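What you see is a predicted model; the values in this text were computed from it and never measured. Numbering of ligands and ligand atoms starts at 1, following listing order.
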Amino acid sequence: MERKGGTRKGLVRALVRVGSKSDHRPAVARKGAPGRDQTVCAGCGAVFTGQTWRRSALRLRTAAEHGSVRGTCPACLQTAKGQAFGRVVLEGSYVAGHAEELIRRIRNVAARAEFTQPERRLIEVAARKSTIEVLTTSQKLAHRLAREMVKAFRGSVSYNWSDGDGSLLAVWRRDEEEP
Ligand SMILES: [Zn+2]
């Protein structure tokens, strides 16, 4: 039982949960996977082959040649239902004055991740008064986003993985330096 983070636990609990402890595959992989090769996602065009969803012209062509079926990939299902396994909160006095560049960075990193792994993507980026909240389909993407924030903007980050489904809450913080 992880105790650090205190009140943060409440935020983690707010994430929608699916799956159970007895199934150790990544949550994103078990929800809605059709288990049939050559399934083409109607939402994003990803193709299911060999246990993975990928977006590529080659896969689409191969699927068409082998009699593709239409379906919905897990990430599109999660996005539609707002099921987040990752949440990144950006906070601190630095955030309000730099929201635009922070969000641009988030979107760039996510776009690169989604290109190779379409199941890892943003569900929502919400800019609030002094914080930015990012919901992702996978905890791995949330982890990567938080790391990239530190790389690009310094600051510090704390991670809270939930005991149940492995969903991640990452809180990145940077305060404006005194002049
Ligand atoms: Zn899709």
- [ ] Working to the nearest 0.5 Å, report the span between OG of S138 and CD of E119.
- [x] 7.5 Å
- [ ] Anything under 30° is parallel, anything over 60° is perpendicular, the rest tilted; go ahead and classify W172 against F153.
- [x] perpendicular
Open item on the list: Taking CD in E100 as the centre, count heavy atoms belonging to other residues, nucleotides or ligands within less than 6.0 Å. Is the count above 12?
Closed with: no
- [ ] Can you run down the ring-ring contact (aromatic ring centres under 6.0 Å, His included) pairs that involve residues 111-143, sequence neighbours left out, and say none if there aren't any?
- [x] H143-Y159, H143-W161
TODO: List nothing but the number: protein N/O/S atoms under 2.8 Å from the Zn ion (ligand 1).
DONE: 4
Open item on the list: Is there a path of hydrophobic side-chain contacts, each under 4.5 Å between heavy atoms, that joins L168 and V88?
Closed with: yes
Task: Same apolar cluster (I L V M F W Y, side chains within < 4.5 Å links), V157/I132 - done: yes
